[in-house]
Amino acid sequence: MSEPIFILKGNIIYSKNPAEFQICEHGYLVCKDGRVEGVYQTLPFKMGGNPVHDYGDSLIIPGLVDLHIHAPQYSFRGLGMDMELLEWLETNTFPEEAKYESLEYAQKAYRIFVDNMRKSATTRACIFGTVHREATLLLMDMMEKTGLYTMVGKVNMDRNCPDYLIEETAESAGETLEWIKDVLHRKYENTHPILTPRFTPSCTDELMEELKKLQMRYQLPLQSHLSENQGEIAWVKELCPWAEFYGDAYDRFGLFGADCPTVMAHCVYSGDQEIARMKENGVFIAHCPESNMNVSSGIAPVRRFLERGLHVGIGSDVAGGSTENLFRAMAHAVQASKLRWRISDDSLEALTAEEVFYMATKGGGAFFGKVGSFEPGYEFDAVVLDDSRLAHPQPLDIRSRLERMIYLADEREVQAKYVKGKEISLS
Ligand code: GUN
Ligand code: FE
């Protein structure tokens with residue numbers, strides 16, 4: 001058990017809003033019963049006597065939140081990137097995901113994924129598994145042991161995928177039900193089920209209806225893909241001529257945030273109607289800039305989402321993205337937004353370091369509740385960054401040191417990590 005009250009000392013940085021950082025240099029971050037009690041420049045007298053972990057000149061930030069990552073794709077990250085989405089799925093993704101029918105393969109592959117997630121600056125994640133119930137349970141057992149807080153989904157696919165991976169509709173729904181029961185039986189503390197219809201092209205109307213029943217019975221959140229690529233969007237129009245727009249093809253089944261928290265990855269081509277519906281239904285957007293570049297999808301209009309008050313977080317989308325390192329994802333978000341502004345649409349200004357940091361912490365964190373900030377009452381997820389490996393000759397203020405971390409940090413900078421007030425083993 002962690003102590004009911006303990007204190008971290010260091011250079012504390014967090015967001016209350018997308019516009020600015022909150023900075024407390026050489027300050028105190030107090031954890032009480034797994035939640036943030038407060039940030040103080042001088043430790044209040046009444047706090048004296050509680051343990052203080054002094055991290056010296058290190059930076060202390062909220063844990064990073066990955067709203068979209070595929071665990072089984074970790075094995076082929078950085079490979080086969082010269083294709084667009086649909087060809088990439090057929091050529092790389094489906095053959096690899098089929099291997100997880102073997103628990104032996106899943107054990108070997110997920111070990112690597114889970115260890116690297118544990119050592120990263122990520123404290124929370126929404127994770128896709130494969131269609132396989134047993135391998136997904138194995139992944140959940142392994143994630144639980146890390147102490148990270150995750151939502152993990154058994155994928156559903158009953159159309160438009162190879163014979164070696166496709167499920168019958170009833171089988172897909174039945175296996176999902178058995179998987180949910182197994183998960184509840186295991187009584188995980190930090191690992192939770194999330195419904196995961198892969199995307200509209202992979203799921204029949206009947207399957208969507210079955211998943212809605214399961215959602216209402218067990219009150220489950222949902223993750224999927226939305227408006228990622230033009231070929232995919234044209235395909236959804238053919239498959240669902242009755243839908244007003246792509247998101248409507250989920251909403252017709254009640255699977256677009258109306259009843260339960262929902263996160264949709266990409267939204268590169270979401271138009272006004274889709275944006276309005278996401279806002280109305282409280283849908284979260286997982287912005288995955290590196291993936292959008294790698295599989296030539298495009299660049300999402302993130303500033304428009306922020307201006308319209310939508311929930312936006314960051315996703316690594318491995319293996320569309322090549323790394324689980326969310327610092328890279330933040331830098332990619334800034335860089336992609338600059339190219340979008342320069343090349344195609346100067347009405348949306350580029351994103352700032354403040355905005356992408358907000359998205360990777362408090363923005364995505366809101367999917368998990370009061371998560372991603374150091375405001376009082378937030379769950380105590382914190383990452384301590386030792387930036388001394390990256391030498392510099394000039395003095396740098398705290399904001400500049402964080403900005404540099406966004407561009408340069410990886411797991412080597414992660415000195416300590418806490419989830420809900422418990423320290424995570426990094427060794
Ligand atoms: N759309 C459907 N499946 C996938 C996937 O695995 N990755 C990405 N990026 N998009 C998808
Ligand atoms: Fe994805």
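In listed order, ligands and their atoms are each counted from 1.
If you look at H70 and ask which of its N, O or S atoms sits nearest the Fe ion (ligand 2), the answer is NE2. The atom name of the N/O/S atom in H225 closest to the Fe ion (ligand 2) is NE2. Minimum-distance N/O/S atom of D317 relative to the Fe ion (ligand 2): OD1.
The pair K213-E210 meets the salt-bridge criterion, with a side-chain N (NZ, NE, NH1 or NH2) lying under 4.0 Å from an Asp/Glu carboxylate O. In this structure, R186 does not pair ionically with E144, as no charged nitrogen and carboxylate oxygen lie closer than 4.0 Å. Under 4.0 Å is where a charged nitrogen must lie from a carboxylate oxygen, and between R111 and D115 at least one such pair does.
For ligand 1, the atoms lying closer than 4.0 Å to a non-hydrogen atom of H266 are 9 (N). If you number the atoms of ligand 1 from 1 as listed, the ones under 4.0 Å from a heavy atom of D317 come out as 8 (C), 9 (N).
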Quiz item: Would Y74 and E96 count as a side-chain hydrogen bond (donor to acceptor under 3.5 Å, both in side chains) if you check the C-alpha gap in whole Å, the side-chain angles of each, and the deciding distance to 0.1 Å?
Solution: CA-CA 10 Å; Y74 201 75; E96 180 63 21; over 6 Å; no
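For the side-chain contact (heavy atoms from CB on, under 4.5 Å) test with F199, the passing option among N160, L226, L89, V236 is L89; the others fail.
Residue contacts with ligand 1 leave out E232, since none of its heavy atoms falls under 4.0 Å from the ligand. The closest approach between F128 and ligand 1 stays at or above 4.0 Å for every heavy atom of the residue.
Using bins of under 30°, 30° to 60° and over 60° for the plane-to-plane angle, the ring pair H70/F128 lands in the tilted bin. Ring geometry, Y250 versus F256: the interplanar angle falls under 30°, so the pair is classed parallel (tilted spans 30 to 60°).
Atom 10 (N) of ligand 1 has as its closest protein heavy atom E228 OE1, 2.8 Å. Here the heavy atom of the protein found nearest to atom 7 (N) of ligand 1 is W88 CZ3, 3.5 Å. For atom 3 (N) of ligand 1, the nearest protein heavy atom (residue, atom name, distance) is R198 NE, 2.8 Å.
Counting backbone and side-chain atoms alike, C288 contributes no N/O/S atom closer than 2.8 Å to the Fe ion (ligand 2).
You'll find the ring centres of F6 and H53 inside the 6.0 Å limit.
For N281 (side chain) and V283 (main-chain N/O), no donor-acceptor pair under 3.5 Å exists by modelled atom type.
Polar contact check, E97 against ligand 1: no nitrogen or oxygen pair lies under 3.5 Å apart.
Using a 4.0 Å cut-off between heavy atoms, V295 makes no contact with ligand 1 at all.
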